[in-house]
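I have placed the structure first, in the form of structure tokens, so that the comments after it can refer back to it.
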There are 2 protein chains.
Amino acid sequence: MNSESLAFATPRESLGVLLGLVRAEIVRAMEAELAAKGLNLSFTQFLILKRLARLGPMSATELARSVELDGGAMTRQLDHLEGKGYLRRCRHEQDRRTLRIELTDAGDALWQELTDCNDRVLSAAQRSLDETEQVQLHDYLERVLHALRDKN
Amino acid sequence: MNSESLAFATPRESLGVLLGLVRAEIVRAMEAELAAKGLNLSFTQFLILKRLARLGPMSATELARSVELDGGAMTRQLDHLEGKGYLRRCRHEQDRRTLRIELTDAGDALWQELTDCNDRVLSAAQRSLDETEQVQLHDYLERVLHALRDKN
DNA sequence: CAAATATATTTGCATTGACAAATATACTTG
DNA sequence: CAAGTATATTTGTCAATGCAAATATATTTG
């Protein structure tokens, strides 16, 4: 009586819940892919590596903001990832408060291996949307994000 | 150099990240609304109350699944919410393993007060989408969810 | 330039949630 | 009906996170 009655009783899932459900499934799927490769990486760690691989070195604070993670939590994730040898903390030349986090060669190599997990999960997720719809979904989400951030 | 360079360097945020960002903003906004009302409720607790208010009494397991929460975590949230007097655990008549979680009068009253927070946040979030687009966004997300769940 | 203020990172602490083991009750099968 | 199996909830334990305080470095102001 479960998915049946839910489908009936829930004419329209609220946006907050729906986003949570979708995101949870993506996290699950990604972690399954990672585990299948024998890698012991959390989704958060995966995101951090991805950021660095895609955007290049940046400070801990920038990194934290971009993956929506608290600064303290970021410190600890950096400890883990540095411990595994995937990244390096360098001091910024001009501003010695600031770190410059950069991938090591091992980190780069790891990302090469991860990039297709990433693609596989995302395309599986969006497989029932055609190209136009995927772009629209993206656009809508960006607009919602901006609406929430710019509280005019 | 922040939002500027991000906007430049990020041609297209990946779906996983984007969902996380949007969801985090919604959670923040909702918790701010709750705090502004002097209520000490987490987003999770808010969701639980909402489920019960919208769908009526159900078991702890159903409730947990519907808000994507672990069973053990649900037990503790129920402890809190029962402690605050917003809900009641009743034993199911036929199956005495199962609980029937139902809102108390105080819980109902609380939801009356919360329902407009909820509406306010959701309509603020979607204010830059017209009616059609809101429906589409919803539809796309549902389809993505199903694609992820039915791993054919 | 010294003091006050601001920013980046780290650390301490409390809370949350996932996972697994324990418990209680129901169902199934021989 | 007894034994074994399945399901619902609770509890123990641990990792992850948010928040606040501490520390280090920069910047601003008088």
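Not measured: the values here are computed from a predicted model. Chain naming here is simple, since letters A, B, ... match the order of the sequence lines and numbering starts at 1 in each.
Taking a cutoff of 4.0 Å between a charged side-chain nitrogen and a carboxylate oxygen, A:E62 and A:R65 do not qualify as a salt bridge. Note on B:D79 versus B:R89: salt bridge recorded, some NZ/NE/NH1/NH2 to OD/OE distance being below 4.0 Å.
Both A:D79 and A:T98 lie close to DNA chain C; mapped to their nearest nucleotides by heavy-atom distance, the more 5′-ward contact belongs to A:T98. Closest-nucleotide positions on DNA chain D for A:Q94 and B:L78 were compared, and the one nearer the 5' end corresponds to B:L78.
B:R89 comes within 4.0 angstrom of sugar-phosphate atoms only, judged by non-hydrogen atoms across all strands, and of no base. Residue B:T75 is classed as a base contact, given a heavy-atom separation below 4.0 Å to a base.
Judged by distance alone, with hydrogens and angles left aside, the side-chain atoms of A:S59 form no donor-acceptor pair with the main-chain N or O of A:L99 at under 3.5 Å. Although no hydrogens or angles enter the test, the distance criterion places no donor-acceptor pair under 3.5 Å between the side chain of A:E68 and the main chain of B:L21. Judged purely by atom type and a 3.5 angstrom limit, A:Q134 uses its side chain to pair as donor or acceptor with the backbone of A:L129.
Pairing for D:dT29 is with C:dA2, a Watson-Crick or G-U wobble pair whose two hydrogen-bonding atom distances lie under 3.5 Å. Base pairing analysis places D:dC19 opposite C:dG12; the two distances defining the Watson-Crick or G-U wobble pair are each below 3.5 Å.
Across the protein-nucleic acid pair, A:R97 atom CZ and C:dT10 atom P stand 14 Å apart, rounded to whole Å.
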5' to 3', nucleotides 12-19 of chain C under a 4.0 Å protein heavy-atom cut-off (B base, S sugar-phosphate only, - none) gives BB--SSBB
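Within a 6.0 Å sphere centred on CG of A:D130, heavy atoms belonging to other residues, nucleotides or ligands number more than 12. Surrounding CZ of A:R96 are at most 12 heavy atoms belonging to other residues, nucleotides or ligands under 6.0 Å away.
Taking 4.0 Å as the cutoff to heavy atoms of chain B, we find the contact window on DNA chain D bounded by D:dA6 to D:dT13.
Between A:W111 and A:F46, the ring planes lie tilted relative to each other; the angle falls in the 30° to 60° range.
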